[in-house]
Amino acid sequence: MTRAEIFDKIADIIADRFEVDRAGINEQLNFKQDLDADSIDFVEFVLELEDTFGAEISDEDAEKLNTIGEVVDYIVAHQAQK
C-alpha cells in the first residue's frame, strides 16, 4: 500500500469518526488541537487503525502520534516490517 493510499484511508476514518470535512484533512492536522480529541476518542481511533491496517500499535507508540502525518509515517514504517 502506498503512502498516499494509507493517508486516504486514515483521512476517511478521521472524517467519519470526528465528523470533519474530508477536504480539510491534511498531514499537519493535530488530534488534540485541531480535532479536540480526548483520550477516549484517540484510543478508539487507534483501535480502528489497528483493524484497518492489521497492525498493532503499542500504547507507548500511540502516545507519540500527534498529527495525521505521524500516523501515516508509523503505518508506512510498520507495514514495511511485515
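The distance from the CD atom of Glu44 to the CG atom of Leu47 is 7.5 Å, given to the nearest 0.5 Å. Between the CD1 atom of Ile10 and the CD atom of Glu27 there is a distance of 8.5 Å, given to the nearest 0.5 Å. Of the inter-residue distances, the one linking Ser39 atom OG with Glu63 atom CD reads 10.5 Å to the nearest 0.5 angstrom. Distance CZ/Phe42 to NZ/Lys32: 6.5 Å, rounded to 0.5 Å. Note that the CD1 atom of Ile75 and the CG atom of Leu49 stand 5.5 Å from one another [nearest 0.5 Å]. To the nearest 0.5 angstrom, Thr67 atom OG1 is 7.5 Å from Asp73 atom CG.
Ring geometry for Phe45 versus Phe31: interplanar angle of 30 to 60°, hence tilted.
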Can Phe7 and Ile25 be said to form a side chain to side chain contact (heavy atoms under 4.5 Å, CB included), step by step? CA-CA 10 Å; Phe7 173 80; Ile25 296 173; 4.3 Å; yes
List the steps and the verdict of side chain to side chain contact (heavy atoms under 4.5 Å, CB included) for Ile68 and Gln28. CA-CA 6 Å; Ile68 308 304; Gln28 290 74 39; over 6 Å; no
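For the pair Asp34 (side chain) and Asn30 (backbone), a donor-acceptor distance under 3.5 Å is present. Side-chain atoms of Asp16 do not come within 3.5 Å of backbone N or O of Ile13 as any donor-acceptor pair. A distance-only check finds no donor-acceptor pair linking the side chain of Asp8 to the backbone of Ala11 [under 3.5 Å].
Counting non-hydrogen atoms of other residues, nucleotides and ligands closer than 6.0 Å to CG of Asp59 gives a total of 12 or fewer. When the shell of 6.0 Å around CD of Glu60 is examined, it contains 12 or fewer heavy atoms from other residues, nucleotides or ligands. Residue-environment remark: CG (Asp51) exceeds the threshold of 12 foreign heavy atoms within 6.0 Å.
Minimum interatomic distance between Ala37 and Phe18 (heavy atoms only, all atoms of both residues): CB-CE2, 3.6 Å. A pairwise comparison of heavy atoms in Ala62 and Val46 identifies CB-CG2, 4.1 Å as the closest pair. A pairwise comparison of heavy atoms in Arg3 and Gly69 identifies NH2-O, 3.8 Å as the closest pair.
One finds no salt bridge joining Asp41 and Arg17 here, because no Lys/Arg side-chain nitrogen approaches an Asp/Glu carboxylate oxygen to under 4.0 Å.
Placement of Met1 and Val71 within a single hydrophobic cluster is found when ILVMFWY residues are connected by side-chain heavy-atom separations under 4.5 Å, directly or transitively.
The side chain to side chain contact (heavy atoms under 4.5 Å, CB included) with Phe53 is formed by just one residue from the set Glu48, Lys9, Gln79; it is Lys9.
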